[in-house]
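Everything quoted here is computed from the prediction, not taken from an experiment. Proteins come first, then strands; the chains are lettered A, B, ... in the order of their sequence lines, and each starts at number 1. Hydrogens, waters and symmetry mates play no part in the numbers below; they use all other heavy atoms, side chains included.
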2 protein chains.
Amino acid sequence: MTQPKTDPRVLRTRKLIMDSFIELSGKKEFKDITIKDITTEAMINRATFYYHFEDIYDLLEKVLSEVLLVNLNYDTYENDELNEEAFVRIFTAITNFQKSLSNRCHRGYEDTIGRIIREQLEIIFYKMMLKQNRMEHDESLKITSVILSWGIYGASVEWKRNGMKVPMEEFIKSAIPFLVSGIDFGSKI
Amino acid sequence: MTQPKTDPRVLRTRKLIMDSFIELSGKKEFKDITIKDITTEAMINRATFYYHFEDIYDLLEKVLSEVLLVNLNYDTYENDELNEEAFVRIFTAITNFQKSLSNRCHRGYEDTIGRIIREQLEIIFYKMMLKQNRMEHDESLKITSVILSWGIYGASVEWKRNGMKVPMEEFIKSAIPFLVSGIDFGSKI
DNA sequence: GGCAATTTGTTGTTTATACAACAGATTGAA
DNA sequence: TTCAATCTGTTGTATAAACAACAAATTGCC
């Protein structure tokens, strides 16, 4: 629980870089954004960029992760239980997230984006289940999180592929009964 | 002309401190603002404050100078000549500046504020006259700037002391003919 | 293809900022 | 007044950021 507190200079610089990248993403396509563009906008030295990020793809990943977390309203979920409402909200969040990205400038990075979404979902599901089931670090919960993250993400992809005919909420709700029974399994023993 | 370019870290940190101070000034009285308040708001270390400013009065001076410069729209004046319109605008600017300050939180610092205003006026007058008179660094221009800065500032004080009965523009305009003839003296030789 | 210009990533050195610890001053309440 | 708590200003040390210089890769144009 007691994390070693990261240097405020680091937080400040990372925020400058990420905000600049988001800002630039609104003006240019991803492929046209150079490191120099970002560091100039952020008013930091180009070498400093490489102190924090491997390259521009690393930055992209981290920015997307963070934006997604904000969309998912992370703090709220930490205190919530994994019920029908939670599934609907998470599904809605990631689906909207994907829609907003595909409108924008990150064409050709669907795979990356998909991976990022699943990774974040996995973390969130695991934490929520851990809380709900009151057990120690449990391998079976981890695997369940993986399955859920792939499942929910897949559902989102499928919904788009089907032409988004059914309303989002309705679409996911039809699968929830099964999901919730499955989730409750652990706590019923 | 070729200034040695200040470290971007310095610019960034100074801005953080000054902005935080301005922000806090809106919430608290000056006397209740501590260095810790400022550095916490700015998310910088307290020791770093003392790297840039002697103390909180030093900060106050520099913030006021900067705010005043913005009010005076410095860049514009650099290209303008010192005619009637310029005098009116400068007078209006400093008078409004003083009014806005006395409404706020800096009670008891009228002397400081007055000195800051005169210092800035002096710089501006000198630059404008230098341009207008096309002569090298000239001591008589400097002295004239001093006299003008005190004079204009005094006029502003007097206008307030008289209960601000006459409109600002009218008040200063009545003194301008003399001022402008005086100023033109140099270029007429 | 070939060539110039730009971009990428890296490195070594200098400088600004973070941080903890300190003594002395100031505040405020008992 | 007295005492505790807070605030001020300073110092030494560790670390992040700036900067300049570089080779290699990429881009764009002929």
Side-chain angles (χ1 to χ4, degrees), chain A residues 1-25 27-64 66 105-109 112, chain B residues 1-25 27-64 66 105-109 112:
Chain A
M1 286 298 154
T2 52
Q3 45 220 327
K5 238 202 273 190
T6 60
D7 193 315
R9 288 175 288 185
V10 170
L11 298 174
R12 197 178 303 148
T13 302
R14 291 215 178 121
K15 182 159 168 39
L16 281 172
I17 293 174
M18 289 181 152
D19 287 350
S20 301
F21 177 66
I22 291 172
E23 173 70 18
L24 284 173
S25 295
K27 300 183 196 158
K28 293 188 185 190
E29 293 214 13
F30 175 73
K31 72 174 176 52
D32 293 329
I33 298 175
T34 69
I35 310 291
K36 187 89 195 68
D37 290 337
I38 296 166
T39 56
T40 302
E41 170 90 19
M43 290 201 298
I44 58 134
N45 195 277
R46 199 166 57 83
T48 306
F49 175 92
Y50 292 102
Y51 184 89
H52 295 281
F53 303 96
E54 274 200 15
D55 53 28
I56 200 169
Y57 301 101
D58 185 33
L59 172 61
L60 175 63
E61 283 200 30
K62 284 170 177 160
V63 166
L64 290 181
E66 198 146 305
C105 42
H106 303 297
R107 278 187 290 278
Y109 291 95
T112 305
Chain B
M1 289 290 154
T2 50
Q3 48 222 335
K5 236 201 272 191
T6 59
D7 193 314
R9 285 174 292 185
V10 170
L11 298 175
R12 198 178 301 146
T13 302
R14 290 213 178 121
K15 184 159 167 35
L16 281 171
I17 293 175
M18 290 179 149
D19 287 350
S20 301
F21 177 66
I22 292 172
E23 173 69 19
L24 285 173
S25 295
K27 300 183 197 160
K28 293 189 185 188
E29 293 213 14
F30 175 73
K31 71 173 177 53
D32 293 329
I33 298 176
T34 69
I35 310 292
K36 187 89 195 65
D37 290 338
I38 296 166
T39 56
T40 302
E41 171 90 18
M43 288 201 298
I44 58 134
N45 196 277
R46 200 167 55 86
T48 306
F49 176 92
Y50 293 101
Y51 185 89
H52 294 281
F53 304 96
E54 272 198 16
D55 51 28
I56 200 168
Y57 302 100
D58 185 33
L59 172 62
L60 175 64
E61 283 201 29
K62 285 171 177 159
V63 166
L64 289 181
E66 198 147 301
C105 40
H106 304 298
R107 281 189 288 278
Y109 291 94
T112 307

| request: For A:T6 and for A:A47, find the nucleotide of DNA chain C with the closest heavy atom, then tell me which residue's nucleotide is more 5'. | output: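 This one resolves to A:A47.
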Protein-nucleotides 15-17 of chain C N/O pairs under 3.5 Å:
from	atom 1	to	atom 2	distance (Å)
C:dT15	O2	B:R9	NH1	3.0
C:dT15	O2	B:R9	NH2	3.2
C:dA16	OP2	B:Y51	OH	2.8
C:dA16	O5'	B:Y51	OH	3.3
C:dA16	O4'	B:R9	NH1	3.2
C:dA16	O4'	B:R9	NH2	3.4
C:dT17	OP1	B:R9	O	2.8
C:dT17	OP1	B:T13	OG1	2.4
C:dT17	OP2	B:H52	NE2	2.7
C:dT17	O2	A:R9	NH1	2.7

| query | Partners of B:K36 by salt bridge (charged side-chain N to carboxylate O under 4.0 Å, His left out), sequence neighbours excluded? | reply |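 B:K36: no salt bridge (charged side-chain N to carboxylate O under 4.0 Å, His left out) contacts found.
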Spacing between [X] atom [atom1] and [N] atom [atom2], to the nearest angstrom:
X: A:F49; N: C:dT7; atom1: CZ; atom2: P; answer: 14 Å
X: B:D55; N: D:dT10; atom1: CG; atom2: C1'; answer: 14 Å
X: A:R46; N: D:dC19; atom1: CZ; atom2: P; answer: 13 Å
X: A:L16; N: D:dA18; atom1: CG; atom2: C1'; answer: 14 Å
X: B:Y50; N: C:dC22; atom1: OH; atom2: C1'; answer: 14 Å
X: B:I56; N: D:dC7; atom1: CD1; atom2: P; answer: 12 Å
X: B:K31; N: C:dT27; atom1: NZ; atom2: P; answer: 10 Å

Minimum heavy-atom distance [X]-[Y], with the two atoms named:
X: A:F53; Y: A:D58; value: CA-OD2, 3.3 Å
X: A:K27; Y: A:E41; value: NZ-OE1, 4.1 Å
X: A:I33; Y: A:I56; value: O-CD1, 3.3 Å
X: B:H52; Y: B:K62; value: O-NZ, 4.1 Å

| Positions of residues 32-43 of chain A (non-hydrogen atom under 4.0 Å from DNA chain D), listed by number |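 Contacting residues: A:M43.
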| So, the side chain of A:T48 versus the backbone of A:I44: is there a donor-acceptor pair under 3.5 Å, distance only? |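 Flag not set: sc A:T48 to bb A:I44 has no pair under 3.5 Å.
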| Is the backbone N or O of B:D7 less than 3.5 Å from a side-chain atom of B:R12, with the two atoms forming a donor-acceptor pair by type? |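 Such a contact is absent between B:R12 side chain and B:D7 backbone.
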| field | B:T34 and B:D37: side chain donor to acceptor below 3.5 Å | value |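 There is such a pair (donor and acceptor under 3.5 Å, judged by atom type) between the side chains of B:T34 and B:D37.
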| Are B:D32 and B:K28 ion-paired here, with the side-chain N under 4.0 Å from a carboxylate O? |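 Salt bridge between B:D32 and B:K28, a charged N being under 4.0 Å from a carboxylate O: no.
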